Amino acid sequence: MDGITGAFGWLTDPAHWQGPNGIPTRFVEHVELSVLAIVVALAIALPIGLYTGHTGRGGGFTLNVAGLGRAIPSYALLLVFFPILGFGLLTPLVALVLLSIPPILANTHVGLRGVDQETVDAARGMGMRESQVLTQVELPAALPLMIAGVRTAAVAAVATATLAALIAGGGFGRYIVDGFALQDQAMLVAGAILVALLAVLTERSLTLAERRMVSPGIRLTQGADQADLIDGAPVAESGPPPVAAR
């Protein structure tokens, strides 16, 4: 409780809201690094996921690579690339990009492969080109899952960007590292609170973006599909409802 009280006092101190080490400056540094990592990850993962999801080729390899990427700790990536790239923005950026690629890649592939095949075949039967099938049929249906992958990657990037401070980087992680080094509990807890708030803000912002980007009809369809499931199993058409295992 003392740490939280001290952190509140630290956050409300006007001195910590100005200068090169002020909260606004560290906020911009943290957001810039996170956004840049997501943009680069999208540029790499999205075309691959669209290709494998649309054609079905290389799907197993894609999912295996995505699973392997999720299994590697971000701190380990930082340690691997630091001797090669040294101090600066590039080392944490590479680590964050490699962290962000797996969820975007996996969700894009799975989202496209999950589109109803009869709908896709009907679109082809109507004379649509493959590019039209992808952009007008598959992408709108797969968009919710794709955005979920981006949301997962973005929240993870925001949380992991704190590691940049370990190699003299900026962002809110600077408060955590400096607070630990100086034994300043208030600064350390305040830094953790700021990172958590930014992660929540990122998640909520992308959730609102999903609501605006996804067609209402697709949202209704997904809601109906979810309503037909109880603990992952279809609801029985007659008889008493299944009892969940305790």
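In what follows, residues are counted from 1 in the order of the sequence shown. Given the structure is predicted, the values throughout are model-derived calculations rather than measurements.
- Between Leu11 and His16 there is no side-chain heavy-atom pair separated by less than 4.5 Å.
- For Ala199, the side-chain contact (heavy atoms from CB on, under 4.5 Å) partners are Val155, Val158, not counting sequence neighbours.
- Atom CZ of Arg124 has more than 12 neighbouring heavy atoms from other residues, nucleotides or ligands inside a 6.0 Å radius.
- If you chain together hydrophobic residues whose side chains sit under 4.5 Å apart, Trp17 and Val189 fall into the same group.
- Ring planes of Trp10 and Tyr175: perpendicular class, angle over 60° (limits at 30 and 60°).
- The shortest side-chain heavy-atom distance between Pro92 and Ile167 falls under the 4.5 Å cut-off.
- Side-chain contact check for Glu130 versus Leu134: every heavy-atom pair is 4.5 Å or farther apart.
- In this structure, Leu145 is not a member of the same hydrophobic cluster as Val137, with clusters built from ILVMFWY side-chain heavy atoms closer than 4.5 Å.
- Taking 4.5 Å as the limit, every side-chain heavy atom of Ile176 sits out of range of all side-chain heavy atoms of Met187.
- A search for salt bridge (Lys or Arg N to Asp or Glu O under 4.0 Å) contacts involving Asp178 returns Arg174, not counting sequence neighbours.
- Side-chain heavy atoms closer than 4.5 Å link hydrophobic residues (I, L, V, M, F, W, Y) into clusters, and following such links, possibly through other members, connects Val28 to Leu197.
- At least one side-chain heavy atom of Leu198 sits less than 4.5 Å from a side-chain heavy atom of Val31.
- Residue Gln132 holds its CD atom at 13.0 Å from CG of Leu139, rounded to the nearest 0.5 Å.
- For the residue pair Val115 and Ala141, the shortest heavy atom distance occurs at CG2-CB, 3.9 Å.
- Taken to the nearest 0.5 Å, the OG1 atom of Thr162 stands 12.0 Å off from the CG atom of Leu194.
- No path of Ile, Leu, Val, Met, Phe, Trp and Tyr side chains, each step under 4.5 Å between heavy atoms, connects Val35 with Ile38, placing them in separate hydrophobic clusters.
- The side-chain heavy atoms of Val94 and Leu90, taken from C-beta on, include a pair separated by under 4.5 Å.
- The structure places OG1 of Thr207 at 9.5 Å from CD1 of Ile147, a figure rounded to the nearest 0.5 Å.
- Hydrophobic clustering, with ILVMFWY side chains joined whenever heavy atoms are under 4.5 angstrom apart, groups Leu93 together with Leu105.
- Although no hydrogens or angles enter the test, the distance criterion places no donor-acceptor pair under 3.5 Å between the side chain of Gln136 and the main chain of Val133.
- Heavy-atom minimum distance, Ala153 versus Ser100: CB-O, 3.6 Å.
- Thr25 and Glu29 form no side-chain donor-acceptor contact under 3.5 Å, judged by distance and modelled atom types alone.
- Distance check, rounded to the nearest 0.5 Å: CE of Met146 to CG of Leu143 gives 6.0 Å.
- Within 6.0 Å of CD in Glu118 there are 12 or fewer heavy atoms belonging to other residues, nucleotides or ligands.
- Looking at Gln183 and Leu188, their side chains never come closer than 4.5 Å, going by heavy atoms from C-beta outward.
- Taking NE2 of His109 as the start and OH of Tyr51 as the end, the distance is 12.0 Å to the nearest 0.5 Å.
- Interatomic distance, Leu96 CG to Leu163 CG, rounded to the nearest 0.5 Å: 7.5 Å.
- Arg113 contributes a side-chain N or O that, together with a main-chain N or O of Gly53, makes up a donor-acceptor pair within less than 3.5 Å.
- Minimum interatomic distance between Thr202 and Ala154 (heavy atoms only, all atoms of both residues): CG2-CB, 3.8 Å.
- When every heavy atom of Val195 is checked against every heavy atom of Phe172, the shortest pair comes out as CG2-CB, 3.6 Å.
- Taking both residues in full, the closest heavy atoms of Ala7 and Ile193 are given as CB-CD1, 4.1 Å, listed atom of the first, atom of the second, then distance.
- Cluster partners of Met126: none. The rule joins Ile, Leu, Val, Met, Phe, Trp and Tyr whenever side-chain heavy atoms lie under 4.5 Å apart, and it links nothing here.
- What you find for Gly173 and His30 is that their closest heavy atoms are N-ND1, 4.2 Å.
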